[in-house]
Protein chains: 2
Amino acid sequence: MKHHTTAARDHFTIGQLATLTGTKPVTIRYYERTGLLSPANRSAAGYRLYTPNERDRLDFIRRCRRLGLGLDEVRALLRLSDDRAAPCRQVDAIIHRQLEQVRERIRDLQSLERELERLELGCQAETVEACKIIEALSRRDEPTPV
Amino acid sequence: MKHHTTAARDHFTIGQLATLTGTKPVTIRYYERTGLLSPANRSAAGYRLYTPNERDRLDFIRRCRRLGLGLDEVRALLRLSDDRAAPCRQVDAIIHRQLEQVRERIRDLQSLERELERLELGCQAETVEACKIIEALSRRDEPTPV
DNA sequence: GCTTGACCTTGTAGCGACTATAACCTTCAT
DNA sequence: ATGAAGGTTATAGTCGCTACAAGGTCAAGC
Ligand SMILES: [Zn+2]
Ligand SMILES: [Zn+2]
Ligand SMILES: [Zn+2]
Ligand SMILES: [Zn+2]
């Protein structure tokens, strides 16, 4: 008859949900505040109580976040996933756009990487006086060549 | 005798400095507020006036920023570059650390990229109903296998 | 001289996705 | 009964800007 024990299988406190989903309680409350999660039911004392359904929803959100999607994109995906008749194209578009952005960031970072490697190799000095890195960072732009 | 003409070679307004360095006036003021630039001299009317030296300093900052360094690191590099006797090692350490971080971010993004590619290829459906992407994002974790 | 418009000044608030702190309340085990 | 752990709210901070708003200054054209 253990119908209200701490670790019920059918509802969790915010801390339990946090552990289950690898989130922090503050983050979960933040998601609620910003409309990603709908307001949770409350216990008599005002504690948030979550169901497995809400756990699934949070898992969904966390997977999206791990893909680097912003909360707006997550919101869009949640809305789409709730509308089984929606065109799948819109889902692909979000993923596709994200992929493009990730690739662009990779390209940017790779050019940064090369630049930093070049800088690091350049310097064998003892003091800042002769440091090639500082020199490279300080080099004044050539006056406009005609 | 044009000693106070608009585009003097020896001092600039904030807007001119902004154009010269590819920064925005607000950003320059922000750098001043946060101590990256020392408070500028003012004209009679209270306009900030900059010298070529200050232009060089801002160029230095911008080059650091383009390397992805945070303002704290920039501050450290500025301090080092002002102290010609400081050990060059500290400069290298900052660059080295940044390089490591960039490489780590590249690795993270590349694994994101693979994940997103996998997702994108998986789906040929028409509606969300059968969408493999949504399915992958919604997949409930297997119950702990013994 | 007057207006226009570009530029400058300050202060304040917002971005994204949290994180931290404070002050307090509830639950549970000893 | 007490204390730890964990829940509640509200508020402010993070980073590196960016976007107002409300005003003062300056050069040019009429
Ligand atoms: Zn695509
Ligand atoms: Zn060096
Ligand atoms: Zn190194
Ligand atoms: Zn699909």
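Just so it is clear: chains get the letters A, B, ... in the order the sequence lines come, proteins before strands, and each one is counted from 1. Bear in mind the structure is a predicted one, so any value in this text is a computation, not a measurement. When reading the values below, keep in mind they use all heavy atoms of this one structure, side chains included, and skip hydrogens, waters and symmetry mates.
- Two residues, B:G70 and B:A44, neighbour DNA chain D, and the one matched to the more 5' nucleotide by heavy-atom proximity is B:G70.
- For B:T19, there are no side chain to side chain donor-acceptor pair (under 3.5 Å) partners, not counting sequence neighbours.
- Residue A:R65 has a polar side-chain atom (N or O) positioned under 4.0 Å from OP1 or OP2 of C:dC18.
- Between the CG atom of B:L71 and the P atom of D:dG13 there is a distance of 18 Å, given to the nearest Å.
- Under 4.0 angstrom from either OP1 or OP2 of D:dG16 there lies no side-chain N or O belonging to B:Y31.
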For each nucleotide in nucleotides 1-11 of chain C, reading 5' to 3', give B when a protein heavy atom comes within less than 4.0 Å of its base, S when such contact involves only the sugar-phosphate, and - otherwise. ------BSBB-
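- Of the candidate nucleotides D:dG16, D:dT18, C:dC18, D:dG16 has the atom nearest to the side chain of B:Y30.
- The number of heavy-atom neighbours closer than 6.0 Å to CZ of B:R89, taken from other residues, nucleotides and ligands shown, is 12 or below.
- Spacing between atom CG of A:L69 and atom C1' of C:dA17 amounts to 14 Å, rounded to whole angstrom units.
- Applying the 6.0 Å contact sphere to CD of B:E126 captures no more than 12 heavy atoms from other residues, nucleotides or ligands.
- Between B:K24 atom NZ and D:dC17 atom C1' the separation is 9 Å, expressed in whole Å.
- When the shell of 6.0 Å around CD of A:E117 is examined, it contains more than 12 heavy atoms from other residues, nucleotides or ligands.
- Between the CZ atom of A:R33 and the P atom of D:dA10 there is a distance of 9 Å, rounded to whole Å.
- If you measure from atom CD1 of A:I61 to atom P of C:dG16, you get 16 Å, rounded to the nearest angstrom.
- Contact annotation: A:S43 side-chain N/O to D:dG7 OP1/OP2 distance is not under 4.0 Å.
- Residue A:I28 contributes atom CD1, which lies 10 Å from atom P of D:dT8 at whole-angstrom precision.
- The separation between A:H11 atom NE2 and C:dT27 atom C1' is 13 Å, rounded to whole Å.
- Checking A:R62 against A:Y31 by side-chain atom types alone, a donor-acceptor pair falls below 3.5 Å.
- Here the closest non-hydrogen pair linking A:I133 and B:D92 is CD1-CA, 4.1 Å.
- Taking 4.5 Å as the limit, every side-chain heavy atom of B:P87 sits out of range of all side-chain heavy atoms of A:T127.
- Between B:R66 atom CZ and D:dC17 atom C1' the separation is 16 Å, expressed in whole Å.
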